[in-house]
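Before any comments, here is the structure.
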Amino acid sequence: TDGSDTPYIDNGNLHQQFTNIKAKVSNTTPGEDIQNGIMRAVVKYKIIPNYMYDLSNYPPVVSTQDNVPNNMRDVEYSYSVSDEITLSQAEIDSLNLSEAVEFSFNFTQPIPAGITNLSLQIVFKGTLGNETDIAIAVGMKDLMEPTHQVIWNSTDMFSLYSHLYTSEDDPDTPELDGIKNTPSLASMVDFDNDGIFNEIENPDGPNEPYIDPHNMSFNIGYMSEPPSSGATFYPSVYTPTLEPGRHIRLIALMDKPQDNYMVLAVDSVFPDTSYVTLSSPGAINHEDDGVWQVPPTPLTSFRYGLDVDGITNISIIQHYYVAFLGCYPAEGTDAYGNPVCNYPESEAKPAELSPSPIDTVYFP
């Protein structure tokens, strides 16, 4: 879901929300075929008191002591129930062959993003074996908690020999050197010293790094196996043009903590960045048989913005992030072969605190 959109309100607290879950369902009742029936999805969770959609007060308080404010152990469970799905004959036939059939469950009663202890139940009611119209079967799956993923267009600055600079002098940040206006820096990226920058396909000399800010856009897909294994990439998220120094916040639900992958198709002036593969772990923040997972999935911060006073720095917080920027030289590659740039945050310009809206989120 789009982390910039907060339509769910709980006791005055704004939440992002989910209105759709896809699940693969199979009939595991031995020797009993489905004749007809309906299915619903039921999502069970605890709403975090005083949830802040930027995760500024996350994780929630967990304590064995009485009278601890906002203690998750004292929070009652809430439920969201999906719309009813009437099974088609083709779906029934596949289920009776023990095949996993993918269903899309729509929640007109949405699921808020500020939750813990999240689980999914699929409830079937209908004719199963000799039980006519009264059979009920339930399957349950523990889900990871909503996972905040932030993607940055950080091309408002350029990383040159592990320090951040603007490409030109910036009146808003006069303390930062502009590469083009500083001869000692300009010579490091203008390889042929002709006064022309960004010659990424230079016919008269070595290719130069692209140092100017520029817009980016992404098509984003999620996979349960890395693309190198032959899986097909299906985008689930389309972003609008993301301006330099801006970010998007995606919030994802996954059914396992590891072996999830995010694939980004990047539209950028950068060469060799058409597809980028990243690990996409699911966040854990729940209680299991009376034991809270300690610690929960940690938060990370990347970049900062200025509070309304124009002075106070506020970190931008998420579970996982990826930032795209230009650099020379690269600092190596990550586990998937993507080039890695050094980015000393203390040298970065203040960023816009609010995420950019996402164009489209859907499930192919």
Side-chain angles (χ1 to χ4, degrees), residues 1-8 13-23 41 43-48 51-60 62 72 80 105 107 110-120 141-152 218-226 234-237 239 247-264 276-288 292-303 315-323 334-336 355-358 361-363:
T1 192
D2 182 356
S4 74
D5 191 19
T6 57
Y8 189 99
N13 300 314
L14 301 179
H15 292 243
Q16 302 92 350
Q17 68 181 26
F18 300 91
T19 57
N20 183 277
I21 289 180
K22 270 193 173 182
V43 179
K44 177 182 176 182
Y45 49 84
K46 290 186 174 185
I47 298 178
I48 299 172
Y51 169 77
M52 297 294 289
Y53 53 83
D54 61 358
L55 298 186
S56 55
N57 66 342
Y58 188 95
V62 180
M72 288 307 303
S80 293
F105 296 96
F107 291 82
I111 306 159
I115 56 177
T116 68
N117 292 67
L118 176 62
S119 63
L120 170 68
K141 181 72 175 179
D142 182 43
L143 300 182
M144 303 301 99
E145 275 58 56
T147 304
H148 289 241
Q149 304 167 330
V150 170
I151 300 172
W152 282 91
F218 304 95
N219 294 341
I220 303 167
Y222 292 89
M223 310 178 75
S224 60
E225 54 187 1
Y234 295 105
S236 296
V237 177
T239 71
H247 64 284
I248 59 171
R249 182 181 291 264
L250 289 170
I251 307 178
L253 295 182
M254 290 170 276
D255 64 357
K256 57 184 187 298
Q258 302 296 332
D259 299 324
N260 308 301
Y261 300 90
M262 174 193 287
V263 181
L264 294 87
V276 176
T277 302
L278 303 165
S279 179
S280 178
I284 299 175
N285 191 0
H286 64 255
E287 196 169 22
D288 187 9
W292 208 279
Q293 305 300 306
V294 179
T297 300
L299 297 175
T300 63
S301 62
F302 181 77
R303 295 195 65 161
S315 294
I316 295 168
I317 304 168
Q318 58 275 309
H319 292 107
Y320 307 99
Y321 71 88
V322 57
D334 64 13
Y336 303 98
S356 290
I358 295 168
V361 180
Y362 82 107
F363 295 90

Can you give me the closest heavy-atom contact between [X] and [Y], atom names plus distance?
X: I317; Y: S56; result: CD1-CA, 4.1 Å
X: A113; Y: I251; result: CB-CD1, 4.3 Å
X: S280; Y: Y222; result: OG-CE2, 3.8 Å
X: I47; Y: H15; result: CG2-CE1, 3.9 Å
X: A283; Y: M144; result: O-CB, 3.2 Å
X: I284; Y: T297; result: N-OG1, 2.7 Å

As an exercise, state the distance from [atom1] of [X] to [atom2] of [Y], rounded to the nearest 0.5 Å.
X: T239; Y: N219; atom1: OG1; atom2: CG; result: 7.0 Å
X: N20; Y: T1; atom1: CG; atom2: OG1; result: 10.0 Å
X: L250; Y: Q16; atom1: CG; atom2: CD; result: 11.0 Å
X: K22; Y: D255; atom1: NZ; atom2: CG; result: 14.0 Å
X: M254; Y: S224; atom1: CE; atom2: OG; result: 12.0 Å
X: N57; Y: I48; atom1: CG; atom2: CD1; result: 8.0 Å

With side chain to side chain donor-acceptor pair (under 3.5 Å) as the rule and sequence neighbours excluded, what pairs involving residues 110-119 come up? Y77-N117
Run the side-chain contact (heavy atoms from CB on, under 4.5 Å) test on I111 and T19 for me, step by step, so that the C-alpha distance in whole Å, both residues' side-chain angles and the decisive distance to 0.1 Å come before the verdict. CA-CA 6 Å; I111 306 159; T19 57; over 6 Å; no
Partners passing side chain to side chain contact (heavy atoms under 4.5 Å, CB included) against [X] (at least two apart in sequence or in another chain):
X: D334; answer: L278, Y336, N338, V340
X: S301; answer: S315
X: V263; answer: M223, P227, F233, Y275, T277
X: L14; answer: T6, I9, Y53

Side chain proximity check, [X] to [Y], heavy atoms < 4.5 angstrom:
X: K46; Y: M72; result: yes
X: N260; Y: Q258; result: no
X: I151; Y: Y321; result: no
X: P281; Y: Y320; result: yes
X: V150; Y: V322; result: no
X: V43; Y: L118; result: yes
X: K141; Y: L143; result: yes
X: D54; Y: I316; result: no

Partners passing side chain to side chain donor-acceptor pair (under 3.5 Å) against [X] (at least two apart in sequence or in another chain):
X: D2; result: S4
X: T147; result: none
X: Y58; result: N285

Identify, with sequence neighbours excluded, every residue that meets ring pair (Phe, Tyr, Trp, His ring centres under 6.0 Å) alongside [X].
X: F218; result: F324
X: Y261; result: none
X: F105; result: none
X: H148; result: H319

Q318 side-chain N/O to T300 backbone N/O, donor-acceptor pair under 3.5 Å: yes
May I ask you to check whether F302 and W152 place their ring centres under 6.0 Å from each other? yes
